[in-house]
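Every chain is numbered from 1 and lettered A, B, ... according to where its sequence line falls, protein lines coming before strand lines.
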Amino acid sequence: MLEARRLGKRFSGGREILRDVSLRLGQGESLAVLGPSGCGKTTLLYMLCGLSRPDVGEVLLDGKPVRKGTGDAAIILQDFGLLPWKSVLDNVALGLKIAGIGRAERNERARAGLVEVGLTGRERDWPACLSGGEQQRVAIARAFVMSPRALLLDEPFSSLDAITREKLQATLLAMWRRRGVPYVLVTHSVEEAVYLGGRILLLAGDPAGVADSFDNPGFGSEGYRNSEEYYGLVRQVRAAMEELF
Amino acid sequence: MLEARRLGKRFSGGREILRDVSLRLGQGESLAVLGPSGCGKTTLLYMLCGLSRPDVGEVLLDGKPVRKGTGDAAIILQDFGLLPWKSVLDNVALGLKIAGIGRAERNERARAGLVEVGLTGRERDWPACLSGGEQQRVAIARAFVMSPRALLLDEPFSSLDAITREKLQATLLAMWRRRGVPYVLVTHSVEEAVYLGGRILLLAGDPAGVADSFDNPGFGSEGYRNSEEYYGLVRQVRAAMEELF
Amino acid sequence: GAATIRFGVLPVLDTLPLQVAAREGLFAAKGLNVELVSFMSALERDTAMQTGRLDGYFGDLIATLLLVKTGAPLRVVSIAYESRPDQRMFGLVTSPHKAGLTLGTLSQNSVSISRATIMELLLHRMEAAYAIPAGALVPLEVKKIPIRMQMLLAGEIDLALLPEPLLSLAESKGGTVLATDQNLAMPLTVLCLADRLAADRATLESFLAAYREALRRIAAEPENYRGLMAETGRIPLELRDSFPMYRYLDPRLPTSQEIKDVQDWMLAKGLLAQPIPYARLVPAS
Amino acid sequence: MRSWRSRAAKIGRYLLALLLLGLAWKALAEVLGSSVLPPPEAALAAFSRDALTAAFWRHFGASAFRAVSAMLLAWLIAFPLGILMGGSRRIDALLSPFVSLTYPIPKIVLLPIFLLLLGLGDASKIAMIALILAYQILVTTRDGVRGVHHKHIDSVTSLGAGKLRVFLDVLLPAALPHGFTALRLGTGVSVAVLFFVESFATQTGLGYLIIDSWGSLDYLRMFSGIFGMSLLGVLLYEGTDLLERLVCAWRYQGRR
Amino acid sequence: MRSWRSRAAKIGRYLLALLLLGLAWKALAEVLGSSVLPPPEAALAAFSRDALTAAFWRHFGASAFRAVSAMLLAWLIAFPLGILMGGSRRIDALLSPFVSLTYPIPKIVLLPIFLLLLGLGDASKIAMIALILAYQILVTTRDGVRGVHHKHIDSVTSLGAGKLRVFLDVLLPAALPHGFTALRLGTGVSVAVLFFVESFATQTGLGYLIIDSWGSLDYLRMFSGIFGMSLLGVLLYEGTDLLERLVCAWRYQGRR
Ligand SMILES: Nc1ncnc2c1ncn2[C@@H]1O[C@H](COP(=O)(O)OP(=O)(O)OP(=O)(O)O)[C@@H](O)[C@H]1O
Ligand SMILES: Nc1ncnc2c1ncn2[C@@H]1O[C@H](COP(=O)(O)OP(=O)(O)OP(=O)(O)O)[C@@H](O)[C@H]1O
Ligand SMILES: [Mg+2]
Ligand SMILES: [Mg+2]
């Protein structure tokens, strides 16, 4: 259970970015966050996983303040955050290594993760030799091979072609079904938000706050993307966005 | 007129990435390139603007071999390529400065460019203080304020929310109409490719080549995105992709 | 065997008897275990002495007095070299580029020395002995002797006060020797031992006996020691064969007057605040 | 600009460091109990006395002048050269052998050549310090520029930049932090070399003061000189820091 | 691994550099006259002669031993400390004053303390070189680590890394290139310091050889020593380069 209580954040320059943002995400739930570029979505995720401290409010994970350096809330960073001095395999295995898992097991799991994102055979390459989308897939694999208590995804599929993207959306859903890990997905695609978010949050304003939210009980199911419900919600969200942004 | 003749490229590791890629792009034309992640789209753009040399074949701009360091073919890089040590304004004005335009004029034009991408008031910030989407918009402004003979865009709108993205697509089209600068757009969005590409190229294979291509004479016009023709082509391209990728 | 006596030496001619005594086992024959520790400059030797890493050393009287002033437990056990009319050890030499200079025509000519050492005292004594008017020589500090030598040969400085064998070398390159230490009648360098060694009669006697034996051997067969002298006294290649074999006087203690002469100069220079009693400087009799 | 509070904190930490160094010194002096290490309070007393004399500040000024001129000179030559070598594999391949062959030569042995060419005055002293510094600035800058991410160069090249503009807009700013590192290194090196070059043909400078007092075993005066060197070093070091904060402001951004 | 061809090209460039240096030397020797600079061909002839003697290689070996031990020692201490200071503002704020206060002290004046504590043997010589190197390694490494992009730390922290793992997985690899820069700098510095520390209580080492021959104005032998130093320096320098290429392979990737 991930809970944010009335978060507020301003940067050293003095600009207030976020004000009064609250959210709750129970086991087996999911949340999609939409918002205009620069409104503070990444900042919000940073606070949710403890990488950045809110100036106001608090973030609780299973009732306890979230702390950085625990790996409890794994995040896929918008800029991937791969370490240039580690091979692709080592980058994927990094979270497992930190969790104390032995070399043989973590390499095996990392290899499986790479297969899942379609990067078989690239284990020994350096991140600098990968294309943008390949780097993003390594970052996805790195988060997916872990067993966090919450998963935070910052525009995780933004650099992928439609086919790969759909495959990995399915992978995310499968993982979520299997383990019930709640996730927060930041995305710019309304379609993606409606397909993957059990609840959809619109951030907007200056400072940004939760401007609107939509419940989406049918999300992620088999044929959802061809349903009337899906198209309706997409249209509804888009209309709200056009008004707000 | 930008022309690529039977380009081939392999990286030092020995992997052959592209083989036999040819394209022609006359004044006032445009091209959208789609292809699976890691197929070589960025590599192709690098060769088109002379940043990277093809192992086989040649690239001609108005009949002469394209050379790097001329600014003739401006590119929006996938990873933005902002200079961390220059303010937002100076980053946008950089191309103009290199073209030898005086400070007053280039700052004015850069400021106008920033207004166009919605970053008024951020002139003096450092790139490191910008969100991902804001950085991308700075990169867009930087390319748009220049007057290149061809424009190469590598997933230029990937980090933008739908509203901003549509606004900037319109800006691109307006510029193209005004100046007739031919552009090559790499994107992962089929909708975007069909809306903006006068011709759509599908790269695929290993090594990748032009696997399919579609003419799209109606692209970019007012109501195109609501037309049957548009939907039809989107479906057609998607079907081809599903087969190829 | 006996505890090692580490004895600091410099690469100069005056140390030949010590080198002979060490190489030929003369110290060992007297039951002493003397190890010569070589230093390139007085500064480091003094520091080693002061930090108790040496049990004795070879050096000039000025350094010795300064060391004793700062509390180093040290006694002069013998003079190593004193000026003598038949042999020169130091001299004032002109640059080859200023070969025409004579004592009479000196006027504001630069002379390079090194301050607070025997060099400065020697210059002072030479000025007196040769009646060089005040102001005729302008001292210029150059600590490193090789640099001093090179600047002299290149004509960057007019004169230099140099020890042998560099003096002869400068002369061979066209410099003129204007003054030497030959008639100054003063002790120049001394041998010192730590208090505890100097206070031990037997050790002191053995040390001096070995030293005397070395002197005897050098005097008996000087040419046998040419190679050793050239090596340890750093005689330039071109002088190696022509250079005279040095002769050394029998060991003796400096007199209280000789010490007083040096101390007076040091007091005047501010190097000493008050005189050190003679009894503090030589072994208790 | 940082606040007065943070500046006061900095001064506080300096005082703390001084105190701890003093204590360590005191302990060492007690244990060693040797005349080579006077007790800190005596050295401090002597320093306070000397620091009120004009002579001391003449020494200080002479050394400061030599060190700062040498740093400027070395920087003007070596920094651009370092950028060139770091920025171009070709230039680097050609010039590197010169650096690695001549860098290890103890520059001191070249002193006579300097003296001949430049005379006995300040020029040869400054040139000697500058030579030693220049190597360090060169190596640091070159290695730093080598690490510049290629995407920055690509980005500027794609905008039409030729070699000159790549130099000015990418390599130069990217090299600046490394240039400052080199300057910081240089403060210590130039002070160390001062100690050497002030041993000839001068009677001014802190180096002279130290060697002269060491030679006459006047340890209190020697420590005055050392304090002076340390003061000079801190001023140069903090000056470099300040300059870096002004010039490389972009480096201190972007944390969340 | 690079090809034989590129290695041959490198050797070729070294030979070219040697040739040009020789020509410059020759010209300088002509101008200055041989009182300070022997003609290069004579020096080379003398070197070839000396290089065949065991004595020369004993000197070389003694110096190499001292330099390499000192570099290792300095690196083991200063590199981790530099990473800590570069990685933590708090540690840096606390320790920086110590560095900037003591760095400018000419370390030579600490000789008495070294002699007191470590005696006249190799230990004090190595410690002296190591001390001087350590400061440089510390400053270079710290400044380098300060420049690590925060996103790398964020990335590892978000995976659950505590301070230790951030140190091992981010700061350490990010610091490595700077550590190598420091080592490269160190080759020159340690050789220069050798020249100083081999002037006492030893009769081996290239520094000793140089000073000893300088003292007797035996320039040919002196230049043999200098050639030896240069050779030692080149070996250390290229060794560092090689090591860096092995350890920091990721830096040589990603160009198009
Ligand atoms: N420096 C390099 N060395 C080796 N391989 C490289 C290098 N740069 C890129 N590649 C490989 O070349 C292929 C094409 O890369 P490119 O960046 O052109 O892909 P892309 O089509 O732009 O992909 P994306 O959609 O993910 O941006 C990728 O498989 C990548 O791993
Ligand atoms: N270190 C910083 N200093 C000052 N302002 C910052 C800093 N980091 C981010 N900002 C500002 O905070 C705002 C929110 O940034 P954030 O990265 O959270 O946006 P975002 O919603 O993720 O945008 P995008 O969709 O473009 O990724 C932006 O306007 C950005 O300029
Ligand atoms: Mg973001
Ligand atoms: Mg790409």
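For the atom pair CG (D:Asp169) and NZ (B:Lys86), the distance works out to 4.0 Å, reported to the nearest 0.5 Å.
Ranked by heavy-atom pairs under 4.5 Å with chain D, the list B:Ile76, B:Leu94, B:Asp90, B:Asp72 is led by B:Leu94. Of the listed residues (B:Gly50, B:Gly71, B:Cys49, B:Gly69), the greatest number of heavy-atom pairs within a distance under 4.5 Å of chain D belongs to B:Gly69. Considering only heavy-atom pairs separated by less than 4.5 Å from chain D, the leading option among B:Ala143, B:Pro84, B:Ser87 is B:Pro84.
Heavy-atom contacts from other residues, nucleotides or ligands closer than 6.0 Å to CZ of B:Arg178 number more than 12. Other residues, nucleotides and ligands place more than 12 heavy atoms under 6.0 Å from the NZ atom of D:Lys151. Summarising the local packing, CZ of B:Arg19 is surrounded by 12 or fewer heavy atoms from other residues, nucleotides or ligands at distances under 6.0 Å. The local environment of CZ in B:Arg177 is crowded, with over 12 non-hydrogen atoms from other residues, nucleotides or ligands closer than 6.0 Å. Atom CD of B:Glu3 has more than 12 heavy atoms from other residues, nucleotides or ligands within 6.0 Å. The environment of CZ in B:Arg24 is sparse: at most 12 heavy-atom neighbours from other residues, nucleotides or ligands sit within 6.0 Å.
Residue B:Ala99 does not touch chain D at all, counting heavy-atom pairs closer than 4.5 Å. With a threshold of 4.5 angstrom between heavy atoms, D:Val170 approaches chain B through its backbone and through its side chain.
Between the side chain of B:Trp85 and the backbone N or O of D:Arg251, no donor-acceptor pair lies under 3.5 Å.
When the options B:Leu51, B:Leu82, B:Leu77, B:Ile75 are evaluated for a side-chain contact (heavy atoms from CB on, under 4.5 Å) with D:Ser155, the one that passes is B:Leu77.
Looking only at side-chain heavy atoms (C-beta outward), D:Trp250 and B:Leu83 stay at 4.5 Å or farther from each other.
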